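Small disclaimer: the values here were computed from a predicted structure and weren't measured. The basis for the numbers below is simple: all heavy atoms, side chains too, and nothing from hydrogens, waters or symmetry mates.
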Amino acid sequence: MNYYINRKIVLFTTIIALFGIFLQIQPNTPAKAAVFDANPIQTDSFNTAGAVALVLCCVFLVVSLLLWLILGRDKDVIDIVEFYPPDGLNCGEMAYAYYGSLRNKDLVPMILGLAAKGYIAVEQTDGKGTKFVFHLLRGYTGVDEAEKEFMEGLLQYGSVVTKIELENSFYKTLDRVNDTITKMMKPKIFIEKTLIWRLLALVFALIPYMVGLYGITRFYHGSTVMGILFPAVVYGCVTFFFILATSKKSGIAGGIAFSIFGIAAVWVVVAVLGGSLNYGGLFYWVVFFACIVANLFQVLFYRIIDKRTDYGIDLLGRIRGFRNYLMTAKRPHLVSLMEQDPAYFYKILPYTYVFGIPDTWAEQFDGIVMNPPDWYYGTTFNFHFFTQFMNRTMQTTQTAMTSNSNRNGLSGRGDF
């Protein structure tokens, strides 16, 4: 036990700083004793470290904002109307160029793109339009590497593929196709982030947290060594969650979830083991939430710092123009396009699932006489019934193709 004399106050503290005892000595009066809940010296240390953490949060946020304004902000995008997919992009390439990342779910509409090219047929096997099978008509002979991998993944099941066969297995093919498209498109669409920025993003996110954690740990243990050692042990854990949060495959929702969970989990452990939950008071919570907010912003800046190339900007404008046309096309122009290419609706249909607008696209063709596509095997053809059948088929296929009983993913965009 240590003691300190401050004027007429004698302070006694224990090594673990759980409790302290003070004696107030006054002339001609009996000594009075009381118990208080914190070591004043260690409380000052915590307040100092917490104050530094708060300042660093603000400073790093300002620096990150400036870096984004200078290095990460894209040029203005000019929408250009397109009637067909720009540069002949497949569905996966379109999704990556438009959203800036690629989910496996974005690859599922490729099955309709391959059907439109004569490789696959879709058979409705019941009168209600709830059951279907895929017929693989021939091997892939094109030059698109992603489509080739997708088709080869289907062919492993034979010439007729059911939903059940795709479950918990086809995701492996989607993973390979995803990697192929991402590796091909990323250098075309984005200027690669430098290693320095990656390190800065990690440092900016972790330093305020580590400083605050040092103060909380030292506050409880009364030891500078523990104040440094404990944060060092959990440093790897926080880094791991930061990497997950900044991964493109996590999506925006995943990035936020991993960021909050990572910091909150570690801080709660510190609170329980370090006693700061009981002894930190309001200031502990201020530092706690400040570090969470700062980390979320660092994750956000890390993700949006990707700056598009000139080609990426031009392509995005053309894709946006293409999407806008699909949503607002006038009937006379659609009729003209259908006269030139009777399969126009069906060739564009896969991309409407990428944009999440298949119903809007179908509504544009109400009242226009439509013939069934060559790749659709059904009893009778009704355009309205066909579009409903395709929506159910794509939703079911998406669930089957992306299912994996061993993992679950978070995403920032909705399904079809």
Inset, instruction - Please assess Phe134 against Tyr119 for the test ring pair (Phe, Tyr, Trp, His ring centres under 6.0 Å), listing each intermediate value before the final yes or no. - result: CA-CA 10 Å; Phe134 296 114; Tyr119 293 103; over 10 Å; no
Legend entry - Under 3.5 Å donor-acceptor, Thr396 side chain and Thr393 backbone: no
Legend entry - From OG1 (Thr352) to CG (Leu112), nearest 0.5 Å: 8.5 Å
Inset, instruction - Would you name the heavy atoms of Glu167 and Ser403 that are closest together and state the gap between them? - result: CA-OG, 3.4 Å
Inset, instruction - Answer yes if the side chains of Ser169 and Tyr157 hold a donor-acceptor pair under 3.5 Å, and no otherwise. - result: yes
Legend entry - Short side-chain to backbone donor-acceptor contact, Gln395 and Arg392, under 3.5 Å: no
Legend entry - Inter-residue atom distance Leu154.CG - Leu114.CG, 0.5 Å rounding: 7.5 Å
Legend entry - Heavy atoms from other residues, nucleotides or ligands near CD1 of Ile78 exceed 12 (cutoff 6.0 Å): no
Legend entry - Heavy-atom side-chain proximity of Leu136 to Ile120 below 4.5 angstrom: yes
Legend entry - Whether Phe386 and Trp375 hold their rings parallel, tilted or perpendicular, with breakpoints at 30° and 60°: tilted
Legend entry - Check: Glu149/Thr173 side-chain N/O donor and acceptor closer than 3.5 Å: no
Legend entry - Expected output: side-chain Asn178 to main-chain Leu102 donor-acceptor under 3.5 Å: yes
Inset, instruction - Report the relative orientation of the aromatic rings in Tyr377 and His135; use parallel for angles under 30°, tilted for 30 to 60°, perpendicular for over 60°. - result: tilted
Inset, instruction - Kindly indicate whether the side chain of Val177, heavy atoms from C-beta on, has any atom under 4.5 Å from the side chain of Met110. - result: yes
Inset, instruction - Find out whether Leu66 and Val63 are in side-chain contact, i.e. whether some heavy atom of one side chain is under 4.5 Å from a heavy atom of the other. - result: no
Inset, instruction - Report yes if some heavy atom in the side chain of Val77 is under 4.5 Å from a heavy atom in the side chain of Asp314; otherwise report no. - result: no
Inset, instruction - Check whether any side-chain N or O of Thr182 sits under 3.5 Å from a backbone N or O of Asp179 as a donor-acceptor pair, and report yes or no. - result: no
Inset, instruction - Can you label the angle between the Phe322 ring and the Phe355 ring as parallel, tilted or perpendicular, going by 30° and 60°? - result: perpendicular
Inset, instruction - Grab the two heavy atoms, one from Phe381 and one from Pro373, that are nearest each other, plus how far apart they are. - result: CE1-CD, 4.2 Å
Legend entry - Backbone N/O of Ala400 and side chain of Tyr171: donor-acceptor pair under 3.5 Å: no
Legend entry - Note, Lys148 side chain near Glu145 side chain (heavy atom, < 4.5 Å): yes
Legend entry - Check: Glu147 side chain, Gly142 main-chain N or O, donor-acceptor pair, under 3.5 Å: no
Inset, instruction - Please test Phe365 against Val335 for side-chain contact (heavy atoms from CB on, under 4.5 Å), starting from the C-alpha separation and ending with a verdict. - result: CA-CA 9 Å; Phe365 288 81; Val335 171; over 6 Å; no
Inset, instruction - Mind listing the closest non-hydrogen atom pair of Lys75 and Asp310 along with its distance? - result: NZ-OD1, 2.9 Å
Legend entry - Approximate separation, where rounding is to 0.5 Å, of Leu316 CG and Tyr99 OH: 11.5 Å
Legend entry - Pairwise side-chain contact, Met394 with Ile111, heavy-atom cut-off 4.5 Å (strictly under): yes
Inset, instruction - Indicate whether the side chain of Thr130 and that of Asp126 have a donor and an acceptor atom separated by less than 3.5 Å. - result: yes
Legend entry - Under 3.5 Å: donor-acceptor pair, side chain of Asp341, backbone of Met338: no
Inset, instruction - Could you tell me whether the side chains of Asn391 and Tyr353 share a donor-acceptor contact shorter than 3.5 Å? - result: yes
Inset, instruction - Could you tell me how the ring of Phe385 sits relative to the ring of Phe389: parallel (under 30°), tilted (30 to 60°) or perpendicular (over 60°)? - result: parallel
Legend entry - Note, Glu93 side chain near Asp144 side chain (heavy atom, < 4.5 Å): yes
Inset, instruction - Ignoring hydrogens and angles, tell me if any N or O in the side chain of Thr402 forms a donor-acceptor pair with the backbone of Gln398 under 3.5 Å. - result: yes
Legend entry - Within 6.0 Å of CG in Asp87, more than 12 heavy atoms from elsewhere: yes
Inset, instruction - Please lay out, stage by stage, how Ile357 and Leu326 fare under the test side-chain contact (heavy atoms from CB on, under 4.5 Å). - result: CA-CA 8 Å; Ile357 55 171; Leu326 302 185; 4.0 Å; yes
Inset, instruction - Could you pull out the closest heavy-atom pair between Leu174 and Met401, with the gap in Å? - result: CD1-O, 3.5 Å
Inset, instruction - Please confirm whether the backbone N or O of Asp366 pairs with a side-chain atom of Arg331, one donor and one acceptor, at under 3.5 Å? - result: yes
Inset, instruction - Describe, in one word, how the ring planes of Tyr344 and Tyr84 are oriented to each other, choosing from parallel (under 30°), tilted (30 to 60°) and perpendicular (over 60°). - result: perpendicular
Legend entry - Atom pair OG1/CE of Thr397 and Met390 - distance to nearest 0.5 Å: 7.5 Å
Inset, instruction - Nearest 0.5 Å please: distance from the CG atom of Leu107 over to the CD1 atom of Ile181. - result: 5.0 Å
Inset, instruction - Give a yes or no on whether a salt bridge exists between Arg318 and Asp79, defined as a side-chain N under 4.0 angstrom from a carboxylate O. - result: no
Legend entry - Full working for side-chain contact (heavy atoms from CB on, under 4.5 Å) between Arg308 and Ile191: CA-CA 6 Å; Arg308 289 181 180 259; Ile191 299 174; over 6 Å; no
Inset, instruction - Assign the ring pair Phe170 / Phe150 to parallel, tilted or perpendicular, where the plane angle (0 to 90°) is split at 30° and 60°. - result: perpendicular
Inset, instruction - Would you mind reporting whether Pro342 and Asn371 have side-chain heavy atoms less than 4.5 Å apart? - result: no
Legend entry - Nearest atoms (heavy-atom pairs only) where Ala362 meets Thr387: CB-CG2, 3.8 Å
Legend entry - Residues Asp106 and Arg103 bridged, charged N to O under 4.0 Å: yes
Inset, instruction - Evaluate side-chain contact (heavy atoms from CB on, under 4.5 Å) for Phe190 paired with Thr309, printing each intermediate quantity in order. - result: CA-CA 5 Å; Phe190 296 107; Thr309 62; 5.7 Å; no
Legend entry - Interatomic spacing from OH in Tyr98 to CZ in Arg320 - rounded to 0.5 Å: 7.5 Å
Legend entry - Heavy-atom closest pair, residues Cys91 and Pro350: SG-CB, 3.5 Å
